[in-house]
Amino acid sequence: MKVTAIGTGYVGLVTGACLAEMGNHVVCLDVNPEKIRILNEGQIPIHEPGLLEVVRRNVEAGRLQFTTDVDMAVQHGTMLFIGVGTPPDEDGSADLQYVVAAARSIGQRMTDYKVIVDKSTVPVGTADKVRAAVKEELVKRGLGDMAFAVVSNPEFLKEGAAVEDFSKPDRIIVGSDDEQATLLMRALYAPFNRTQDRMVVMDVRSAEFTKYAANAMLATRISFMNELALLAERVGADIELVRRGIGSDPRIGYQFLYAGAGYGGSCFPKDVKALVKAASDAGIPLKVLTAVEEANERQKHVLVDKVVARFGSDLKGRRFAIWGLAFKPNTDDMREAPSLVIIDELTKRGATVAAYDPVSMPETARVLGPRDDVTLVDRAEAALQGADALLIVTEWKEFRTPDFDAIKGSLKAPVVFDGRNLYDPKLMKALGIEHYGIGRGATV
Ligand SMILES: NC(=O)c1ccc[n+]([C@@H]2O[C@H](COP(=O)([O-])OP(=O)(O)OC[C@H]3O[C@@H](n4cnc5c(N)ncnc54)[C@H](O)[C@@H]3O)[C@@H](O)[C@H]2O)c1
Ligand SMILES: O=c1ccn([C@@H]2O[C@H](COP(=O)(O)OP(=O)(O)O[C@H]3O[C@H](CO)[C@@H](O)[C@H](O)[C@H]3O)[C@@H](O)[C@H]2O)c(=O)[nH]1
């Protein structure tokens, strides 16, 4: 089938590449010429495991191309996926300007039937806005009767596992009230839906809502565990043992129960805010979700609170090593990364920071800009040299079983603030490392 992906970010590029992999002819369009230049040079602008290989394979096979040419891109696809950003507006609501602009650019150019697929995360009612924008442009061109469908197909991929998640989806949500469009969506997704029918077809509004409900539920689990972690510490329990204890109940399950330094990324923070705002506008304030966000804001400060409790609030002359900067492992994405809050809190108390991340240091340098108080080093061990303590912020695999002797030998004193509960407190005690986990007390 002929597909156009509008927006070549995490969602648009992965969608385009994975659909090309199944034999579709895909054009990926972006308004950012730099991204298209990188893609046309055989590279990808983001770090996403396995994606480069899929992109290269399909470009070579002639099924995948990248362009800034809107005319060509709109002409090409029968199915046009909108995967542009929906960042938070000042009041927390989703800013739909890029989605509406993409819709208009379709309406200004289409000459035959199109299925316009909203893949971006968008509030309930957005498909109506997309439909209205396309129609308005068609009417301007005297083509008000031209048929098209607008479908909601929210994306559930996780960064760092995007290709895997797209290729083996838990579910494919399709919100559609157009039979022909539903049939085309079924055909397009058939290769990803072979072993078991995972496609759930519903009305458009319910599909749009499903995406926010899923992220809100996951964020709730994390904030719930983070709050229990605070309590566990106070009453002398270990949240890691509690996690295993409750996760064994299949109604609860083990996933997404990890207490840590707070959730970040381009989705949970913005989607929770957007749902809270939409609900309040609708006159149904969401009390639980409001608390989820508040708890997460507090959680991003928990690691520094522990540093302050140990070293005092004046950190002048102190130096801290940070391992892990990206908001989660296997990505270079720094959007809403807890590490940024931690760096900010440490440096504003006078400390300096030496930080290491396996892939996100160029992105960190871009986000932070030139700084005297933050040094980015190219090896984990280098960050430790002469530091007062080590803070672990992102659970990259290479931090899981490090050379503990090197940690002890390089730090001024062996003190580790373990923001992802990577290390066993008993082992730390045996090794003589002062260890502060999340929700499991200190081993001094
Ligand atoms: N990142 C994720 O893991 C993820 C997962 C599921 C859903 N989502 C949702 O998908 C959407 C996209 O997220 P993302 O992380 O891929 O965003 P992104 O910022 O990485 O990419 C968006 C791209 O769209 C381009 N763009 C903007 N306006 C355009 C236009 N009119 N025509 C063509 N291109 C245009 C931008 O230049 C940019 O390259 C958001 O709504 C997000 O909430 C993201
Ligand atoms: O038990 C856990 C699990 C995650 N996190 C944190 O939660 C954040 C988000 O992690 P994750 O969900 O793995 O990454 P995202 O790429 O942001 O993916 C989420 O957001 C996407 C965009 O909407 C959705 O498509 C995905 O289904 C949803 O998992 C990160 O900061 C994690 O460190 C925890 O603190 N504890």
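Counting starts at 1 for both ligands and their atoms, following the listed order.
- The shortest side-chain heavy-atom distance between Leu51 and Leu13 falls under the 4.5 Å cut-off.
- Among Ile6, Thr121, Asp333, Ile46, the residue whose heavy atom sits closest to atom 9 (C) of ligand 1 is Thr121.
- Under 4.0 Å from ligand 1, not a single heavy atom of Arg104 appears.
- Here the options are Arg131, Arg141, Arg104, the test is salt bridge (Lys or Arg N to Asp or Glu O under 4.0 Å), and the partner is Glu136; only Arg104 passes.
- Residue-level proximity to ligand 2 for Lys270 is absent, since no heavy atom of it falls below 4.0 angstrom.
- Residue contacts with ligand 2, taken as heavy atom pairs separated by less than 4.0 Å, do not involve Asp165 at all.
- For atom 16 (O) of ligand 1, the nearest non-hydrogen atom from the set Asp118, Thr8, Val11 belongs to Val11.
- Ring centroids of Trp323 and Phe399 are separated by less than 6.0 Å, placing the two rings close together.
- Across the listed options Val31, Thr15, Val100, Asp271, Val31 owns the non-hydrogen atom lying nearest to atom 30 (C) of ligand 1.
- Closest heavy-atom approach to atom 19 (C) of ligand 2 among the candidates Phe268, Phe327, Phe166: Phe268.
- Proximity of Glu159 to ligand 2, defined as any heavy-atom pair under 4.0 Å, is shared by backbone and side chain alike.
- Near Leu157, meaning under 4.0 Å from one of its heavy atoms, ligand 1 places the atoms 3 (O), 5 (C).
- For Lys211, every heavy-atom contact with ligand 2 shorter than 4.0 Å involves the side chain, none the backbone.
- Those atoms of ligand 1 that come under 4.0 Å of a heavy atom in Lys211, given as number and element, are 6 (C).
- Within the listing of ligand 1, atoms 16 (O), 18 (P), 20 (O), 21 (O), 23 (C) sit less than 4.0 angstrom from a heavy atom of Gly9.
- Between Tyr436 and Phe417, the angle of the ring planes stays under 30°, which puts this pair in the parallel group of the 30/60° scheme.
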